[in-house]
**Student:** 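Got a structure for you, questions after.
Counting from 1, the numbers follow the sequence of the chain as shown.
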Amino acid sequence: MLLEIFDPKAPPRAVGIDLGTTNSLVAYVREGVPTTIENCHMETLVPSVVHYDPRGHTVVGKDAVPLAHEHPRETIVSVKRFMGRGADDPETKRLGPYVFMPADPSGPNTVRFDVRGKPVTPVEVSAEILKSLRELAEDELRTVGGCVITVPAYFDDGQRQATKDAARLAGLDVLRLLNEPTAAALAYGLEKKQNGTFAVYDLGGGTFDVTILLLEDGVFQVKSTGGDSALGGDDMDRALFEHMLASAKKEASTLTPHEVRALLDAAKEVKHALTSADTVTKTLPLAGEPSVTVTRAELDTLVAPLLERTGQASRRAMKDAGIKPKDLDGVILVGGSTRVPAVRAYVAKLFEHEPLSDIDPDSVVALGAAVQADLLTNADREGEVLLLDVLPLSLGIEVGGGVVDKILARNTTIPTGARNTYTTQEDKQTGFLLHVVQGERELAADCRSLARFALKGIPPMPAGLARLEITFKVDADGLLSVHARETTTGIEQRVEVKPSYGLDDDTVERMLTEALDHGESDLLKRRILEGRVEAERVASATEKALANDGHLVSAEERALIESATRALREAAAGEDPQKIRARLDDLDRATKEFAGRRMNVAVARALAGQNVGNLEEGVKHAKGVENAHVERPID
C-alpha cells in the first residue's frame, strides 16, 4: 500500500471543474500534468443528477441515477439546461417530468422546481453538484483554493451569472468562467506550440458546439462560435431505435413507456458496440424477444443527416471567422459522441484535417480548466497564456421608435467596453427609461430583453439639451455592467445586468438565423421608425419656432412652412422612408430663411453686453461640441 505524504503547510490547490449536462468532473495540475480526480471506486465521472429525499437530504451522482426512475419529480436530471431560464420560458416545461412552482412576483423570474412542496432553483441544484465535486477534490487535496468552471461558449450573461451563484453556494471561489472549447485547446497544450488557428468540434449527448480559436504568441482568441442545442448522441440513439423497431416489425405506438425506455437503452448499447465492431446482433427487450442485426454501415447511414447538420453550423462558424478548412492548423474533438467512427470520418472530411483525439473527450474540458486554474494561481506560469473570448450576440439599448442601437457588436473580443451618448426627445423630460437588449435584429421587440432601469431626477430641460452617456463593460467572464450618467447634472446609476433567464444554443442560433432572414425587412422597419422619430422632432420644433418667433415670417412664408409641416406628418404616417426623407428636405428648404433670421436674432441677443474674452471662450466651447459623439434621441 502506498501512502501519500501530505504537507499541512501546503497552500490550497486550485482546481478546474467541468459542470456538464450529463456528467461533471474536477481536475487539478499535479507535477505539471493535468489530472482528473477519482472517487473511491476509481471513477472520475460524477453524473449531474440530484435527488431530494423526504427528509430534505440530497443524493448526488451515481447513487441518484436509479432514483430518477423511481422518483422522477424529486430527482433533477440535466439541470444545466434550466440554468438562467425564466419561469415563463416556454421551453421550461418541455425539459422533463417536473412540477414547477408559480413565479414569485416579489422575486426574480426564475425556474423553481416543486420538490415535495419546497421550491428548488436550478442554481441550488447545481450548487449540490458543485459541492459534491468540491468534497471529492478535498478528499484528494485536503484543501481547495479557487476554481475555474467551464461553460458553453454560447452561455449568455444570465446563465454565466447563475453558474457563479451556484459556485458561491457550494463554497467555491470562482477564479474565472472558461469557455469549454478554449478549455479543450488548453488541455492539448496548444499554448506551448506554434501559432495557429484551430477548430473545436464538441458533440455531446444532447448539444453540439463548434468554435474557431486563434492562437498568437500565447493569446487564445475566440474568432467565432456556432452550434445546435438540439443535436447530439441522443438523436443517434433515436434514429437507431426507429431502425431496430422497423427491423423487428414493431410499431412505436404499441410500445409502453417502459418498453420505449428499454429499447432506447438497447439502441445506445448497440451504438457503443459498433464503435469497435462491424456487426452487432441484439435481442430486443420486447414481447417475443426478437433479435436484430445492425452493421456499422447502417449506423453510418442513419447518422449521416445528423452529421450534415453539424457541418452547416461548422461551415457558418468558419465563414464568420473568415477562414477556410485549408487555413486551419488542427481540429479538436470534444464530447462522448465523437467516439462514433462516422463522426470522426466526417470531421476529417469537413475540416480537411485528421482530428486530435488523444485525450478522452469526456475529460478534456475538465483537464483544460485545471490548466487554466494553474495558470491563474501559479506565479511561475503567470503571463504564459491570455484567453480572449467573444460576445455571442450584440448588446445595445432601445432608442426612439423602438430601434436598437448596438453598443457592443457580436464577436467582439472580451473583456471589452464601449460608450455612446444620447439625448432627450421631449421638452422637460426629467428622466430616462433604459432598456438593455441582446440580439441581432433592428427592433428591440425582436431581441431578447436583458434589463430595464430608470435614471431619474434630471432637471426639466428643452428636448436635445440633456446628455446621457451609456457605458457598457463586459468582463472576462462575459458578465455585463451598465453605467448611465447625465453629463450636465452628474446624476448617474450603475447596474450589474443579471437577467432572470438566459439563452440556450438553439435560441442563439435561431436569433442569428432570423437576423439574416429578416435583414432587409428589419432594415426597412428601422428606416421607417427612425424617419418617424426625426419627422416628429423636426415638425414639433418648427411649430414651436412659429409660435415663438412668428413675427419673423410673412403670411405667405408661414403658409408654405405650415403646408410642408403637414406634408411631413402625412409622410410619417405612411410606410415609405424615402418619402419621409423627401418631405424633411422640403421642410428644410421652406424654413431655411426663417432659421437664418432666428439665428441672427439669437446671435444679436447673445452678443449684447459680451466682451472679447467671453467670445473666445464661446468659440472654444463650440469646437468642443462640434467634435462630440453623435447623439441619438432616447425615450
Side-chain angles (χ1 to χ4, degrees), residues 20-23 45 47-49 65-70 72 75 77-78 80-81 91 93-98 202-209 227-313 335-347 361-362 504-506:
T21 305
T22 306
N23 296 294
L45 295 178
S48 301
V49 182
V65 173
L67 297 174
H69 299 280
E70 302 171 23
T75 308
V77 180
S78 300
K80 188 173 180 178
R81 298 163 71 183
E91 289 294 310
K93 295 181 180 180
R94 300 199 312 114
L95 293 177
Y98 309 111
D202 184 351
L203 185 62
T207 62
F208 168 70
D209 290 301
D228 189 333
S229 68
L231 180 60
D234 292 346
D235 299 281
M236 297 181 185
D237 298 342
R238 174 64 64 174
L240 194 51
F241 160 92
E242 294 173 352
H243 173 77
M244 293 165 61
L245 202 60
S247 298
K249 296 181 172 54
K250 298 285 185 178
E251 294 290 336
S253 59
T254 65
L255 302 182
T256 66
H258 177 77
E259 287 174 327
V260 170
R261 181 70 265 166
L263 192 55
L264 282 170
D265 290 342
K268 187 185 295 289
E269 293 173 5
V270 170
K271 181 187 69 176
H272 291 169
L274 287 173
T275 299
S276 56
D278 293 327
T279 303
V280 173
T281 300
K282 180 72 174 178
T283 300
L284 302 184
L286 301 173
E289 297 187 338
S291 64
V292 297
T293 298
V294 183
T295 66
R296 183 184 291 179
E298 288 175 322
L299 177 62
D300 291 352
T301 301
L302 292 172
V303 303
L306 303 175
L307 297 180
E308 180 52 35
R309 285 169 59 187
T310 72
Q312 293 173 3
S337 297
T338 60
R339 290 191 177 92
V340 176
V343 174
R344 301 195 173 197
Y346 182 83
V347 171
D362 281 324
D504 58 19
D505 297 6
D506 189 48

**Student:** Do Leu306 and Phe208 touch side chain to side chain, with heavy atoms closer than 4.5 Å?
**Tutor:**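 Sidechains of Phe208 and Leu306: no contact.
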**Student:** Which atom pair, heavy atoms only, marks the closest approach of Ala267 to Asp237?
**Tutor:**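 Taking Ala267 first and Asp237 second, the nearest heavy atoms are CB-O, 3.6 Å.
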**Student:** Measure the spacing between CG of Asp362 and OG1 of Thr338 and express it to the nearest 0.5 Å.
**Tutor:**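 Output value for this atom pair is 8.0 Å.
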**Student:** Between Val280 and Thr293, does a side-chain contact (heavy atoms from CB on, under 4.5 Å) hold up when you go through it step by step?
**Tutor:** CA-CA 6 Å; Val280 173; Thr293 298; over 6 Å; no
**Student:** Do we see a donor-acceptor contact under 3.5 Å between the side chains of Thr21 and Ser78?
**Tutor:**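 Short answer, no.
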**Student:** Heavy-atom distance under 4.5 Å between the side chains of Val343 and Leu203, does that happen here?
**Tutor:**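 Contact flag for Val343/Leu203 side chains = yes.
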**Student:** Which residues pass the side chain to side chain donor-acceptor pair (under 3.5 Å) test with Ser337, not counting sequence neighbours?
**Tutor:**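 Counting only residues at least two positions away or on another chain, Ser337 forms no side chain to side chain donor-acceptor pair (under 3.5 Å).
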**Student:** What distance separates Thr295 OG1 from Asp300 CG, expressed to the nearest 0.5 Å?
**Tutor:**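 Between atom OG1 of Thr295 and atom CG of Asp300 there are 8.0 Å.
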**Student:** Between Thr254 (side chain only) and Lys250 (backbone N and O only), is there a donor and an acceptor less than 3.5 Å apart?
**Tutor:**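 Not confirmed, Thr254 side chain does not pair with Lys250 backbone.
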**Student:** Might you point out which heavy atoms bring Lys282 and Met244 nearest each other, and give the distance in Å?
**Tutor:**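 The answer is CG-CE, 4.5 Å.
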**Student:** For the residue pair Leu263 and Phe241, what are the closest heavy atoms and their distance?
**Tutor:**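 Shortest heavy-atom separation between Leu263 and Phe241 comes out as CD2-CE1, 3.3 Å.
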**Student:** Determine the minimum heavy-atom distance between Gly20 and Lys80, stating which atoms define it.
**Tutor:**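 So the two residues come closest at C-CD, 3.8 Å.
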**Student:** Is there side-chain contact between Arg344 and Arg339, with heavy atoms separated by less than 4.5 Å?
**Tutor:**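 In contact.
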**Student:** Verify side-chain contact (heavy atoms from CB on, under 4.5 Å) between Leu286 and Leu245, making sure each step is shown before the conclusion.
**Tutor:** CA-CA 10 Å; Leu286 301 173; Leu245 202 60; 4.3 Å; yes
**Student:** Has the side chain of Gln312 got a donor or acceptor atom that lies under 3.5 Å from a matching backbone atom of Arg309?
**Tutor:**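 The answer is no, because no donor-acceptor pair under 3.5 Å joins these two groups.
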**Student:** Under the rule for salt bridge (charged side-chain N to carboxylate O under 4.0 Å, His left out), what residues qualify as partners of Glu242, not counting sequence neighbours?
**Tutor:**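 If we apply the salt bridge (charged side-chain N to carboxylate O under 4.0 Å, His left out) test to Glu242, skipping adjacent residues, there are no hits.
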**Student:** Could you grab the distance from atom OG1 of Thr301 to atom CD of Glu298, nearest 0.5 Å is fine?
**Tutor:**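 Output value for this atom pair is 7.5 Å.
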**Student:** Mind checking whether Leu240 and Val294 have side chains closer than 4.5 Å, heavy atoms only?
**Tutor:**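 Side chain of Leu240 against side chain of Val294, heavy atoms only: contact under 4.5 Å found.
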**Student:** Hey, does the side chain of Thr75 reach the backbone of Pro72 with a donor-acceptor pair shorter than 3.5 angstrom?
**Tutor:**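 Side chain of Thr75 to backbone of Pro72: no pair is present.
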**Student:** For Leu302 versus Ala239, what's the shortest heavy-atom pair and its separation?
**Tutor:**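 Scanning both residues completely, I find the closest heavy atoms to be CD1-O, 4.1 Å.
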**Student:** Is the backbone N or O of Thr279 less than 3.5 Å from a side-chain atom of Arg296, with the two atoms forming a donor-acceptor pair by type?
**Tutor:**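 Not at all, since once roles are kept as given, no pair shorter than 3.5 Å links the two residues.
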**Student:** Find out whether Leu299 and Val303 are in side-chain contact, i.e. whether some heavy atom of one side chain is under 4.5 Å from a heavy atom of the other.
**Tutor:**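 Side chain of Leu299 against side chain of Val303, heavy atoms only: contact under 4.5 Å found.
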**Student:** On a heavy-atom basis, which atom in Asn23 and which in Ser48 lie closest, and how many Å separate them?
**Tutor:**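 Scanning both residues completely, I find the closest heavy atoms to be C-OG, 3.5 Å.
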